[in-house]
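Residue numbers begin at 1 in each chain, while the letters A, B, ... track the order of the sequences.
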Protein chains: 4
Amino acid sequence: MAKQEASLPTKAEKSRNLILHSAAKLFREQGFSATTLRQIAAAARIEAGSIYYYFDSKEAILDEILDRGLRHVFESVKAAVKGAGQATYRRRIELAIEAHLVALLESSDFTSANIRIYGQLQEHLKKPHRPLRRAYARYWDKLFLDARKAGEIRADIEIEPLRIFVIGALNWTVEWFRLDSKDDVLKLARRTQLMVFDGIKK
Amino acid sequence: MAKQEASLPTKAEKSRNLILHSAAKLFREQGFSATTLRQIAAAARIEAGSIYYYFDSKEAILDEILDRGLRHVFESVKAAVKGAGQATYRRRIELAIEAHLVALLESSDFTSANIRIYGQLQEHLKKPHRPLRRAYARYWDKLFLDARKAGEIRADIEIEPLRIFVIGALNWTVEWFRLDSKDDVLKLARRTQLMVFDGIKK
Amino acid sequence: MAKQEASLPTKAEKSRNLILHSAAKLFREQGFSATTLRQIAAAARIEAGSIYYYFDSKEAILDEILDRGLRHVFESVKAAVKGAGQATYRRRIELAIEAHLVALLESSDFTSANIRIYGQLQEHLKKPHRPLRRAYARYWDKLFLDARKAGEIRADIEIEPLRIFVIGALNWTVEWFRLDSKDDVLKLARRTQLMVFDGIKK
Amino acid sequence: MAKQEASLPTKAEKSRNLILHSAAKLFREQGFSATTLRQIAAAARIEAGSIYYYFDSKEAILDEILDRGLRHVFESVKAAVKGAGQATYRRRIELAIEAHLVALLESSDFTSANIRIYGQLQEHLKKPHRPLRRAYARYWDKLFLDARKAGEIRADIEIEPLRIFVIGALNWTVEWFRLDSKDDVLKLARRTQLMVFDGIKK
DNA sequence: AATGAATGAGCGTTCATTCAT
DNA sequence: TATGAATGAACGCTCATTCAT
């Protein structure tokens, strides 16, 4: 069976992952250019030179983090929506919101690092990740579009600004949210779903 | 007349301001630590060493930018709300949203730089600006609190998460918005006001 | 045997020492602030950046040089006096003079750098070395005091000015003396002992 | 009369002198290269740029300080010796010692700056002052030589090391002496004369 | 007679990167 | 698999110097 083919992580794989996680955490906290390879190495309890055994450059680490981060939210959201089956579109979008927030605030730092630092990177660092970013945006757009067709969301605002509004509100949480328990994130998700759909008015 | 008494900016004041504006733009685009003094100097068409005639350090430039940026939104928002007189609270908050967005996306880069880079700065760089940040947050909280007391906004979500949701949605625009005309910002503001108050549902 | 247990200096130790010796020579010749790290690096045949693999800062290099320099004279003088056993005090002081001069003018540049540059350093650079300097001064004072108690040196001049006179005459040699052979230093020592004890009068 | 021909110092002359005195003090305390023109300017209560109205360069200031400093001791010593008339050579040398010490420790900082920093200057800065330095050395040598011919000082030590010993002991005082009153310098001079001639032995 | 504004070379230092071991 | 030693380009910053006013 498939399961049996996934071998246990070797020591090398563990080191590689440790470097990635350490780097993601530091990138998220300090940004890409303020983080030094020596800080990453220290966090991963190796020497700076050793990083080059696993990665070609600092940018290669970034690349992998950005990729994993985005892939992770994307897959979480897709899985959540898929799990909703034929629920209402509102329900599906609510689940997408929850999944996006959970990916952003729980799991590893890959996603939050991505959200936080992407905007300030140099062109050539962003470029390879644009296709996936666009695909993720289009995925949400489709969700909203279907909901609108079904008459579940307002038609007087175009899809794009609508999506930006929603995702923006979600992403900004990364600037202030400090993880305490799973409940917190779910509670946050619940409140956010409410505000997104019904607004703040009474 | 009063106007005539405001002296013209001296050459030195112009240079100082040019440095600040150049720096704010670069900080906003690239972040603080990725921006070099030589880049700032080039943008201000002077030599890197000359910056030190006006500022003690790179951090001193940052300090002034952060301060001016936040002060600018804060004053804009206060003025807008004050100008609303005894309007409904919804109207007052709508004006605050518009003022915040205009300050963020138009005028100089001071505000947008502030919003964008603050989160990743080292503790000692954030510290001096915390009091003003808190005051701004409390200002919004008061707005929301009054609106709730007047029965204009929902009571099932606490004020703080509510404020974070709204300001988050506003601030995130800085990540993608590219200025074209004043109309754009005002249009954006109008849509945002709608979604914030009434939500995205039909 | 013990000798065999002293491990050979590693490559790193050699580099470190080479940097220290190069720096000491340059500090002695040009002073601390006139000496650049690039000069030190060139003298040690490495790149300027490499110095930071071994030292935290230019001041850290200075610290170690000052410390080694003073420690070296102090130990030389103590050893010389100890070696004199129960000789007369005049003899002991004569040996101390010789040891001080030899340490200053032969061996490495650590001692001479110390003597030459200490006076012009900023307070915070002098501070850590003051205790040892005081201890060295007190060591000489004791020597003179004992000699006076034994009736071997004049009692009409206080100990401190007396010590300053003697050490001053010794230290000043560093301003003009150029090493040729061991004989020179010993000859110089002999003459100095004579002048110190008997004066220049016939 | 001659007196009337010496006009009062103009404002410019005063400024020039103030710069020189400020610089000499700082050079003496910190060394030449550690002293900045801005420090000198601040001490003279002018702007750094203004120094160039009076001097061509930092080196030009140094040059004048070195020259004035040495000239000052030299003339003081000559005057003192001349004033002794046909006294014994011991007396003449004693007066020279006193004059040298007074010039070094009282009056301005020109002489002490000279003594303290000369040794660490670059070749091209020392060069112009070498002739006068040599002349001063020869003046002392003549004093000692005459004294020896008259049988007043020992013949078993050559003149040069003897002069270096004496001048060294005098010059070193600049490293530790802090001026309080004229008495102090004269008291110091008297003790030094004693030690130089009769030595420290009982 | 003096300054305010600016320069540019060079400083101490950092850091991603290399490579022999 | 990992490191210790070293590099070199570039960083933030300083400073003697210039020059129009």
query: Should the heavy atoms of other residues, nucleotides or ligands under 6.0 Å from CZ of D/R130 be counted, would the total exceed 12?
result: yes
- request: Using Watson-Crick or G-U wobble pairs with both distances under 3.5 Å, give me DNA chain E in dot-bracket, 5' to 3', with [ ] for crossers and | for pairs to another strand.
  value: .||||||||||||||||||||
- prompt: Starting at the 5' end of DNA chain E and moving along, which residue's nearest nucleotide shows up first, B/A48 or C/D56?
  reply: B/A48
query: How close or far is atom P of E/dG10 from atom CD of B/E47, stated in whole angstroms?
result: 14 Å
- line: Between CG of D/L37 and C1' of E/dT3 the distance, given in whole Å, is 15 Å
query: Which is true for D/S33 with a 4.0 Å heavy-atom rule: it touches a base, it touches only sugar-phosphate, or it touches nothing?
result: nothing
- request: Look at A/T36 and E/dC15 and indicate whether a side-chain polar atom (N or O) is within less than 4.0 Å of OP1 or OP2.
  value: no
message: Both C/S15 and B/K58 contact DNA chain F. Taking the nearest nucleotide for each, which residue is further toward the 5' end?
response: C/S15
task: Any chance you could measure C/S22, atom OG, to C/I61, atom CD1, to the nearest 0.5 Å?
output: 9.5 Å
- prompt: Closest nucleotide of DNA chain E for D/R45 versus for A/Y52: which of these residues is on the 5' side?
  reply: D/R45
No-hydrogen, no-angle side-chain donor-acceptor test under 3.5 Å, B/R71 and B/N114: no
query: Rounded to whole angstrom units, what separation is found between the CG atom of B/L125 and the P atom of F/dG12?
result: 13 Å
message: Distance check needed: F/dG12 P versus B/Y53 OH, whole Å only.
response: 22 Å
statement: So CG of D/L66 and CG of D/L70: to nearest 0.5 Å the spacing works out to 8.5 Å
message: Please report the distance, rounded to the nearest Å, between CD1 in B/I19 and P in F/dG12.
response: 14 Å
field: The single option from C/R28, C/R116, C/E29, C/E175 passing side chain to side chain contact (heavy atoms under 4.5 Å, CB included) against D/Q120
entry: C/R116
message: Tell me which pairs pass ring-ring contact (aromatic ring centres under 6.0 Å, His included) where either residue lies in residues 108-133 of chain D, with sequence neighbours left out.
response: D/H21-D/F110
- prompt: Quick one: D/Q39 CD to F/dT14 P, roughly how many Å, whole number?
  reply: 13 Å
- prompt: Tell me: CD of B/Q30 to P of F/dA10, nearest whole Å?
  reply: 15 Å
- line: Rounded to whole Å, the NZ-P distance (C/K11 to E/dA20) equals 11 Å
- prompt: How would you label the contact of A/I46 with the nucleic acid (heavy atoms, under 4.0 Å): base, sugar-phosphate, or nothing?
  reply: sugar-phosphate
NZ/A/K14: more than 12 non-hydrogen atoms of other groups inside 6.0 Å: no
Phosphate OP1/OP2 of F/dT3: any A/S50 side-chain N/O under 4.0 Å: yes
message: Suppose we call a contact any N or O donor and acceptor under 3.5 Å apart; does that hold for the side chain of C/R38 and the base of E/dG12?
response: yes
